[in-house]
Each structure stands twice: as structure tokens, then as C-alpha cells.
Visitor: 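Below you'll find the structure I mean.
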Amino acid sequence: KKTRTDWALSMYETYTKIGSKAPRVFNWLGKNSTARKLLELVAGIDSRRMLPEFLGGSFFKHFQPQEKVESNLKVAYFVDTYAAYIDWRLAETAVRVLNHLGVDVVVPRQEGAGMPLIQYGFLEKAKKLAERNVSHLYPYVEEGYKIICTEPSAAYCLKAAYPKILETQEAEEVAKNTYEFSDYIVRTGLLEKIKPTRSEDSPHVFYHYPCHGRAAAPGAPTIKVLEHLGYRVSTRDYGCCGIAGTWGMRKGSIGYNMSMEIGRRVVKIIQSTGAKTIVTESSVCPIQFRQFYSFEIKHPAQVIAEKLKI
């Protein structure tokens, strides 16, 4: 039986769409103790859990297609919820990096990947969503495009969940041609277009390998990217950071309380390396890390853009 909290958290994309249109209101509500207590009472979302801040607007409204790049490399960007509606600067940066490296980028019609629907067992809704996304993406695959995701959970949905939910040839073809951002950069040789940096005083970062990234991009390709860019990289195989998508937002011992206990131990491990900056592809893991410490947290696309000075 589905709980009110299951229903509330499964509607993640709906909230983010509204929040992108009313960022000041949503950001205020996210920090107001009375509003948070009410949200906890009604929806079961723990009032102590930090919530992401909305930049305002959506990537789809801000995206300006570049002139077509003459290249053998062409990608269809599957943006997903966070980079579409919460902080579209990430999506904008990813497109800028790909264009700079000579990749032709299009942004197909799309919806969120639907991970919360899958996570909380709303499989009929998830199936309909997957059908719509595959119908939008498959024509691009037929034209030779690869599908790129900056969100590991989105890549996981396209590569692993959709083929199981839909059991269609179209879903299989979409899965075969989907890549997580760093994985695509490494596999296509685009990394070699970036001049390697070597320095005795290499900046030190900690790489957090997200759970869905392990399935969508095996071999931690982001570490190869960071080392090529001249970073000294620390990482540890501790598993999940503890937030588990939106599970760590739930009130109760099996939700927020357990999430915080796991997170406390993970953050202690990260701090033991001495790194002050975390690099990760995930949009939800940073919420967990910032609950404990004011780390600087960057997506690999942002790190590459900084190195390229674009």
C-alpha cells in the first residue's frame, strides 16, 4: 500500500516545474520552519532535511541552439529534472563543453526520467512516462545520435530500467546508445582534445561515485577525466552516501535518521582525505553532503568548463 509520503515524493518533477516558475516562494518555503513542519505533517518529508534552491526558469526556456557543428559526433541531450528546472546552469555548461569539443548537440522533446516513480513502485505511471520518452528519443537514435545524460539516475533509467519496463526494441536501441556525460567524453576520445595539465601543486578533489553511476558508467570514467585535467583525486568505495535518491528525505528511523547516520560516516571518510572539493555527477548526493559541511561541490561538466575557460 502506497503512503502519503510515497505519493508526495513520486511527484518530484511536478514540484520542480512549479518551483522553477516561483523560485522565491519555493526557496522561502524550503527554509521557513513553520512551512517545513507543515510539509512534514502532511507529506512526511523531514523538516530537518535541506532542500535544493531554485535558480528560477528552466533550461528549455533558456536553451539557444548553436549553429550546427560540422562533426561526426552528434548527441541528443536528455536533461532530466534537476538540470532542467532547479539549476539550469549545469545543462547550459554541459552543452557549452560539448560544443567547444566539436559535438553537435540537440535537445529533443522530453520529460523527466521518472526515477521516483520507479523507486516508489508507481510502475504504470513509470511505464507511460518511459513510453513517451522513448518515442521522443528513438527517432534521434535512428538518425545516428547518441543520447547523453548529465544525471546518472537518468542514464540508469534509459539504459537499465526502461528496457525492463517496456520490453520493446525501441527501448533497447535507446539503451544501447545512451551514455553518461563523462563516459561519453572518455569513450569518444574527446578527452584527448583537452590539453592535459601537470603540476607539482595539483589541486586536490574527492570524487564521489554515485550508485546509479556505477551501473550507467562502469569503471569510474570521471576519475580519468579529473586526472587528465591535472587533479589529484581521492576516492573511497563506501557505497551509497545515504540519501538514496529521495528516500533520505522521509521522516522516520528508516528515512532521514538512517540516512544521516550513514551520511555522517561517509562525510567523515571524505574529510579524512583532506579534500575540500567534491566532484560528483549526482544532483541529490550534494544535498546529503551539505547537510554536514559546506563542501564546494562540482559536476564534471563544470570542472571541464573551468579548465577550458569557457
Side-chain angles (χ1 to χ4, degrees), residues 6 9-10 12-13 75-84 90-91 94 107-142 144-188 207-225 237-248 280-285 288 299-301:
D6 293 336
L9 291 173
S10 73
Y12 174 64
E13 184 172 8
V75 303
Y77 181 21
F78 187 76
V79 185
D80 203 36
T81 309
Y82 178 86
L90 169 58
V107 179
R109 183 181 175 187
Q110 58 189 266
E111 299 177 46
M115 177 52 72
L117 293 173
I118 297 169
Q119 183 176 11
Y120 294 110
F122 294 90
L123 297 184
E124 281 304 313
K125 286 187 175 182
K127 183 176 181 179
K128 290 177 181 178
L129 177 63
E131 286 173 343
R132 292 194 295 273
N133 276 330
V134 168
S135 72
H136 297 322
L137 297 172
Y138 181 66
Y140 288 91
V141 171
E142 284 191 303
Y145 283 81
K146 302 300 180 185
I147 300 164
I148 301 301
C149 303
T150 46
E151 181 66 55
S153 293
Y156 175 82
C157 283
L158 297 185
K159 291 177 70 67
Y162 283 13
K164 292 180 180 178
I165 293 172
L166 298 179
E167 298 182 318
T168 64
Q169 185 60 38
E170 290 82 0
E172 290 287 350
E173 288 302 315
V174 167
K176 290 176 187 175
N177 288 280
T178 295
Y179 297 85
E180 184 274 324
F181 183 84
S182 292
D183 195 30
Y184 181 79
I185 295 287
V186 171
R187 285 176 181 267
T188 54
Y207 173 62
H208 170 69
Y209 200 4
C211 298
H212 287 142
R214 294 166 186 259
T222 294
I223 293 179
K224 297 176 184 176
V225 172
D237 189 12
Y238 45 65
C240 182
C241 72
I243 198 168
T246 55
W247 193 265
T280 186
E281 298 86 352
S282 173
S283 63
V284 292
C285 299
Q288 177 81 321
H299 189 281

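Model, not experiment: these values are computed from the prediction.
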Visitor: Which atom names give the shortest non-hydrogen contact between E281 and E180, and what distance separates them?
Guide: CG-OE2, 3.2 Å
Visitor: Measure the OH-CG distance between Y145 and L137 for me, rounded to the nearest 0.5 Å.
Guide: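 Answer rounded to 0.5 Å: 12.5 Å.
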Visitor: If every non-hydrogen atom of P300 is compared with every non-hydrogen atom of S182, which pair is closest and at what distance?
Guide: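 So the minimum-distance heavy-atom pair works out to CB-OG, 3.5 Å.
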Visitor: Has Q288 got a side-chain atom pairing as donor or acceptor with C241's backbone, closer than 3.5 angstrom?
Guide: yes
Visitor: Are I185 and P221 side-chain neighbours, meaning at least one heavy-atom pair lies under 4.5 Å?
Guide: no
Visitor: With a 3.5 Å distance limit and no angle check, can you tell me whether Q110 reaches the backbone of V79 through a side-chain donor-acceptor pair?
Guide: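 A pair under 3.5 Å: yes.
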Visitor: Measure across A216 and D183 and return the closest heavy-atom pair with its distance rounded to 0.1 Å.
Guide: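 Shortest heavy-atom separation between A216 and D183 comes out as O-OD2, 4.2 Å.
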Visitor: Working to the nearest 0.5 angstrom, can you tell me the gap between Y209 OH and C285 SG?
Guide: 13.0 Å
Visitor: With N177, which residues qualify under side chain to side chain donor-acceptor pair (under 3.5 Å), at least two apart?
Guide: K146
Visitor: Please list all pairs meeting salt bridge (Lys or Arg N to Asp or Glu O under 4.0 Å) that have one or both residues in residues 109-119, counting only residues at least two apart or in different chains.
Guide: E111-R132
Visitor: For A94, which residues count as a side chain to side chain contact (heavy atoms under 4.5 Å, CB included) partner, sequence neighbours excluded?
Guide: Y77, T150, F181, A301
Visitor: Among all residues two or more places apart in sequence or in another chain, which pass the side chain to side chain contact (heavy atoms under 4.5 Å, CB included) test with C240?
Guide: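 C240: side chain to side chain contact (heavy atoms under 4.5 Å, CB included) contacts with C211, A244.
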Visitor: Show the nearest heavy-atom pair for residues V174 and I147, with the distance to one decimal.
Guide: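 In terms of heavy atoms, the two residues are closest at CG1-CD1, 3.7 Å.
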Visitor: Can you name the nearest heavy-atom pair linking Y120 to S10, along with the distance?
Guide: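 Scanning both residues, the minimum pair turns out to be CD1-N, 4.3 Å.
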Visitor: Is the backbone of G112 close enough, under 3.5 Å, to the side chain of E13 for a donor and an acceptor to pair up by distance?
Guide: yes
Visitor: Please tabulate, for the side chains in residues 156-169, all donor-acceptor contacts under 3.5 angstrom to protein atoms that are two or more places apart in sequence or on a different chain.
Guide:
residue	atom	partner	partner atom	Å
K159	NZ	T178	O	3.1
Y162	OH	A113	O	2.7
Y162	OH	N133	ND2	3.1
T168	OG1	A171	N	3.1
Q169	NE2	E173	OE2	3.0

Visitor: Using the test side chain to side chain donor-acceptor pair (under 3.5 Å), find all partners of S283 that sit at least two apart in sequence or belong to another chain.
Guide: E151
Visitor: Hey, are the side chains of L117 and K128 touching, using non-hydrogen atoms and a 4.5 Å cut-off?
Guide: no
Visitor: Would you compute the distance between atom CD of Q119 and atom OH of Y12 and round it to the nearest 0.5 angstrom?
Guide: 11.5 Å
Visitor: Kindly compute the distance separating CD (E170) from CD (E142), expressed to the nearest 0.5 Å.
Guide: 8.0 Å
Visitor: What is the distance from atom OH of Y207 to atom OG1 of T280, rounded to the nearest 0.5 Å?
Guide: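 Nearest 0.5 Å value for the OH-OG1 distance: 6.0 Å.
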